Q: 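Following this message is one structure expressed as structure tokens.
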Amino acid sequence: MGKVLYLLGAGASANALPVIGQIGERISIQREWLLGQRGTMPPGPIPNCFDIGYDDAFSRLQSAMDQLHAVHKDHDTIDTYAKKLYLSGSSGREKVQQLKAALTLFFAIEQFRCGFDRRYEGFLASIMKPGTGSWPQLHDDVIILTWNYDQQLLLGLNRFCQTDHLNQLMRDYKVKSLLTLNQDSRRDFKILHLNGIAGYNWQREDYPLFDSPQGTEITGHAWNNMLRSFIHTYHREYRSRGPRMLLDYSWEAMDDSETPWQQVQESIADCSVLVSIGYSFHHFNRPADKKVLGHLPLERVYVQSKGESAHDMVDAFRHVRPDVPMTAVHAITKAESFYVPPDL
């Protein structure tokens, strides 16, 4: 029996985080929320942040969110604008870095504000087995690729493991991004974020932006980490002395000769079943989709999304793999839980 490859898109986290059509409204709500949070910050500088004070950092953060809202309003999507900047050369690529820093903050804060999509808990319970220690293991025959920046998978894993630091789950469950897969001498993975994650890499260690599972409020320590990471990654003059963002678009990696695409292909080469959840197979990602999925020996494909959109996604998938017989591709139109094929 071949392995099962899961491919997750924005719809997989839609019960907690915004899909493309909701981004503008959610940025507006978050800007107002930040205004309320600003008044709770202590006076004085942020620890280990170049003597920048909390009020100054919040001003910079709110300005970045204002710009993010303007980009969403004036362009097809934020990602489209980012690629336009990237194609314009070195000056545009500096703006891409700032845009990614703002997006990292937006998704990390939004995840804190809006919580956990409980479908992940049921999904993980279905694809995990008892481990040799106190933590369960992911099924040997399952690999997960995700286009999402969020930490929903980590929060789901933490429901079974109960650790104080999510980056420990990233290590133990081999959760990686293309960026860190390139840097890591061990290039194996169980979960791979194709567009990176809302977090940062510091001293060759990956951290979600909020490393601790959320409670009812953001702690002072968490605010310190968040604001410090934002200052380091958004402002060019501080970037070389701080952490590196883990949010890297796959189309940036397409132009990077060092990106281990061959390793990704080899790691999933024996996956004969594909389960796509909430992923539109947008033409924007088609080069990466073809590179990743193009040589898989697919026998069955399940495309899950709510209602008729599942059929639209099936049509889009056929642009990536027109060779897969129509009879092997199935639309799953119910989205109350993640689909688990009979192979598992």
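Everything numeric here is computed off the predicted structure, so don't read it as measured data. All residue numbers refer to positions in the sequence shown, counting from 1. Note: hydrogens, waters and symmetry copies are ignored here, and every other heavy atom, side chains too, is used.
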Q: Spell out, yes or no, whether V340 and F160 are grouped together once hydrophobic residues are joined by side-chain heavy atoms under 4.5 Å, including indirect joins.
A: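 Result: yes, single cluster for both.
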
Q: Do you know the tightest heavy-atom contact between L178 and P260?
A: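 Answer, listing the atom of L178 first, then P260: O-CD, 4.4 Å.
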
Q: In terms of hydrophobic clustering (I, L, V, M, F, W, Y; side-chain heavy atoms under 4.5 Å; direct or indirect links), are I20 and F281 co-clustered?
A: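 In one cluster with I20: F281, no.
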
Q: Check side-chain contact (heavy atoms from CB on, under 4.5 Å) between K129 and all other residues, then give those that pass, not counting sequence neighbours.
A: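 Q137, D140.
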
Q: How close do A101 and F230 get, counting heavy atoms only, and between which atoms?
A: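 Reported closest heavy-atom pair: O-CD1, 4.3 Å.
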
Q: Please report the shortest heavy-atom distance between L209 and M226, naming the atom on each side.
A: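 Closest pair (atom of L209, atom of M226, distance): CD2-CG, 4.0 Å.
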
Q: Under a 3.5 Å cutoff, is there a donor and acceptor pairing between the side chains of S13 and Q152?
A: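 Checked: S13/Q152 side chains show no N/O donor-acceptor pair below 3.5 Å.
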
Q: Can you name the one residue among H72, H69, M65 that meets side chain to side chain contact (heavy atoms under 4.5 Å, CB included) with S28?
A: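 Testing S28 for a side chain to side chain contact (heavy atoms under 4.5 Å, CB included) against H72, H69, M65 leaves exactly one candidate, H69.
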
Q: Do the side chains of L103 and I29 join up, straight or via other hydrophobic residues, at under 4.5 Å, putting them in one cluster?
A: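 L103 does not cluster with I29.
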
Q: Donor-acceptor pair, H139 side chain versus D141 backbone, under 3.5 Å?
A: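 At least one qualifying donor-acceptor pair exists.
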
Q: Backbone N or O of Q263 within a donor-acceptor pair of the S267 side chain at under 3.5 Å?
A: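 Yes; judged by distance alone, with no hydrogens or angles, the pair exists.
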
Q: Report yes if the side chains of Q304 and M313 come closer than 4.5 Å at any heavy-atom pair, otherwise no.
A: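 Q304 does not reach M313 side chain to side chain.
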
Q: Does K83 count as lying over the ring of Y249, i.e. NZ or CZ under 6.0 Å from the six-ring centre, within 45 degrees of the axis?
A: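 Negative - K83 is either too far from the ring of Y249 or too far off its axis.
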
Q: So which atom in Q67 and which in Y234 form the shortest heavy-atom distance, rounded to 0.1 Å?
A: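 Shortest heavy-atom contact: OE1-OH, 3.1 Å.
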
Q: Would you give the length of the straight line joining atom CG of L344 to atom OG of S126, rounded to the nearest 0.5 angstrom?
A: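 Those atoms lie 9.0 Å apart.
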
Q: Is a salt bridge present between R171 and D206, judged by a nitrogen-to-oxygen distance below 4.0 Å?
A: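 Looking at R171 and D206, the cut-off is not met.
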
Q: Looking at N201 and R244, would you say the former's side chain and the latter's main chain have a donor-acceptor pair under 3.5 Å?
A: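 Looks like no, no N/O pair under 3.5 Å.
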
Q: For D66, which of R31, R60, K73 qualifies under salt bridge (charged side-chain N to carboxylate O under 4.0 Å, His left out)?
A: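 Of the listed residues R31, R60, K73, the salt bridge (charged side-chain N to carboxylate O under 4.0 Å, His left out) partner of D66 is R31.
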
Q: Parallel under 30°, tilted from 30 to 60°, perpendicular over 60°: which one fits the rings of Y120 and F123?
A: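 Plane angle over 60°, so perpendicular.
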
Q: Under the criterion side chain to side chain contact (heavy atoms under 4.5 Å, CB included), I'd like the reasoning laid out for L99 against L68: C-alpha separation, chi angles, the key distance, then a yes or no.
A: CA-CA 7 Å; L99 191 67; L68 197 63; 3.6 Å; yes

Q: Under a 3.5 Å distance rule, please check whether E110 uses its side chain to pair with a backbone N or O of I27 as donor and acceptor.
A: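 Flag not set: sc E110 to bb I27 has no pair under 3.5 Å.
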
Q: If you apply the rule salt bridge (Lys or Arg N to Asp or Glu O under 4.0 Å), what do you find for R300 with D343, and how did you get there?
A: CA-CA 10 Å; R300 288 176 303 285; D343 307 75; 2.3 Å; yes

Q: Before you tell me yes or no, could you show the steps for Y149 and Q111 under side chain to side chain contact (heavy atoms under 4.5 Å, CB included), namely the whole-Å CA-CA distance, both residues' side-chain angles and the distance that decides it to 0.1 Å?
A: CA-CA 10 Å; Y149 317 130; Q111 179 162 277; over 6 Å; no

Q: Going by the ring-ring contact (aromatic ring centres under 6.0 Å, His included) test, which pairs reach into residues 14-41, not counting sequence neighbours?
A: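 Output for this query is empty, none listed.
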
Q: Say you draw a straight line from OH of Y302 to CG of L7; how long is it, rounded to the nearest 0.5 Å?
A: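 Between Y302 OH and L7 CG, I get 16.0 Å after rounding to 0.5 Å.
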
Q: Answer whether the closest heavy-atom distance between the side chains of Y279 and N285 falls below 4.5 Å.
A: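 They are in side-chain contact.
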
Q: Quick check for you: to the nearest 0.5 Å, what is the distance between K100 atom NZ and L85 atom CG?
A: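 Going from NZ on K100 over to CG on L85, the span is 11.5 Å.
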
Q: Going by atom type alone, with no hydrogens or angles, which donor-acceptor pairs under 3.5 Å involve a side-chain atom of residues 42-49 and a protein atom two or more places apart or on another chain?
A:
none

Q: Hey, does the side chain of Q98 reach the backbone of E94 with a donor-acceptor pair shorter than 3.5 angstrom?
A: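 Side chain of Q98 to backbone of E94, a donor-acceptor pair under 3.5 Å: no, none is there.
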
Q: Does a sphere of radius 6.0 Å around CG in L35 hold more than 12 heavy atoms from other residues, nucleotides or ligands, not counting ones at 6.0 Å or beyond?
A: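 Yes, because the 6.0 Å sphere around CG of L35 holds more than 12 heavy atoms from other groups.
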
Q: Look at atom CD of Q262 and say whether more than 12 heavy atoms of other residues, nucleotides or ligands are closer to it than 6.0 Å.
A: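 No, CD of Q262 has 12 or fewer neighbouring heavy atoms, counting only those of other groups under 6.0 Å.
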
Q: Following the transitive rule for hydrophobic clusters with a side-chain heavy-atom cut-off under 4.5 Å over Ile, Leu, Val, Met, Phe, Trp and Tyr, establish whether I144 and L166 coincide in one cluster.
A: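 Shared cluster, yes.
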
Q: May I ask you to decide if D117's main-chain N or O and N15's side chain share a donor-acceptor pair within less than 3.5 Å?
A: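 Looks like no, no N/O pair under 3.5 Å.
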
Q: I want to check something: taking the side chain as every heavy atom from C-beta on, are W147 and S250 in contact at a cut-off of under 4.5 Å?
A: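 The answer is yes; the side chains approach within 4.5 Å.
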
Q: Is it the case that the side chain of T77 and the backbone of T80 share a donor-acceptor pair, with hydrogens and angles ignored and the cut-off at 3.5 Å?
A: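 Indeed, once roles are kept as given, a pair shorter than 3.5 Å links the two residues.
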
Q: Does CZ belonging to R318 count more than 12 external heavy atoms closer than 6.0 Å?
A: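 Count over threshold, so yes.
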
Q: State, with a plain yes or no, whether a side-chain heavy atom of L145 is found less than 4.5 Å away from one of L5.
A: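 Yes, close enough: below the 4.5 Å cut-off.
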
Q: Does some side-chain heavy atom of L169 sit less than 4.5 Å from a side-chain heavy atom of C161?
A: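 C161 vs L169: side chains touch.
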
Q: Do V292 and V303 land in one hydrophobic cluster if side-chain heavy atoms of ILVMFWY residues count as linked below 4.5 Å?
A: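 Yes; V303 is reachable from V292 via cluster members.
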
Q: Can you check side chain to side chain contact (heavy atoms under 4.5 Å, CB included) on R228 and W223, steps first, answer last?
A: CA-CA 8 Å; R228 191 162 49 234; W223 271 120; over 6 Å; no

Q: Any chance you could lay out the side chain to side chain contact (heavy atoms under 4.5 Å, CB included) test for R38 and L61, step after step, and finish with the verdict?
A: CA-CA 10 Å; R38 183 172 182 173; L61 175 55; over 6 Å; no

Q: Determine whether a donor-acceptor pair (N or O, by modelled atom type, separation under 3.5 Å) exists between the side chain of H282 and the backbone of F284.
A: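 Confirmed, H282 side chain pairs with F284 backbone.
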
Q: Checking Y86 against W251 for the side-chain hydrogen bond (donor to acceptor under 3.5 Å, both in side chains) test, could you report, in this order, the C-alpha distance in whole Å, the side-chain angles of both residues, the deciding distance, and whether it holds?
A: CA-CA 10 Å; Y86 181 81; W251 39 261; over 6 Å; no

Q: Could you state the interatomic distance from CG (L296) to CG (D270), rounded to the nearest 0.5 Å?
A: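 Here the interatomic distance stands at 9.5 Å.
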
Q: Does N224 form a side-chain hydrogen bond (donor to acceptor under 3.5 Å, both in side chains) with Y54? I'd like the steps, not just the answer.
A: CA-CA 9 Å; N224 290 343; Y54 289 94; 2.5 Å; yes

Q: Calculate, to the nearest 0.5 Å, the distance between atoms CD1 and CD belonging to I109 and Q30 respectively.
A: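 Here the interatomic distance stands at 4.5 Å.
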
Q: Got P341 and V275 here, is their nearest side-chain heavy-atom distance under 4.5 Å?
A: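 Sidechains of V275 and P341: in contact.
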
Q: If you look at every heavy atom in N148 and G9, which pair is closest and at what distance?
A: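 Nearest pair, atom of N148 first, then G9: ND2-O, 2.9 Å.
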
Q: Is there a side-chain contact between P18 and F106 (heavy atoms, below 4.5 Å)?
A: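 When only atoms from C-beta onward are counted, F106 and P18 do touch, with a gap below 4.5 Å.
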
Q: Without swapping roles, check the side chain of K176 against the backbone of D188 for a donor-acceptor pair under 3.5 Å.
A: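 Yes, the answer is positive, given that a donor and an acceptor are paired below the 3.5 Å cut-off.
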
Q: Over all heavy atoms of both residues, which pair between A16 and G115 is shortest? Give the atoms and the distance, please.
A: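 What the structure gives for the nearest pair is CB-O, 3.5 Å.
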
Q: For the CZ atom of R159 and the CZ atom of F116, what is their distance to the nearest 0.5 Å?
A: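 The CZ atom of F116 is 4.5 Å from CZ of R159, to the nearest 0.5 Å.
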
Q: State whether the number of non-hydrogen atoms from other residues, nucleotides or ligands found under 6.0 Å of D323 atom CG is greater than 12.
A: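 It does: D323 CG has more than 12 such atoms within range.
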
Q: Between H232 and F50, does a ring pair (Phe, Tyr, Trp, His ring centres under 6.0 Å) hold up when you go through it step by step?
A: CA-CA 10 Å; H232 274 292; F50 314 108; 5.0 Å; yes

Q: Okay, side chain of K190, backbone of V142: is any donor-acceptor separation there less than 3.5 Å?
A: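 Answer holds: yes.
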
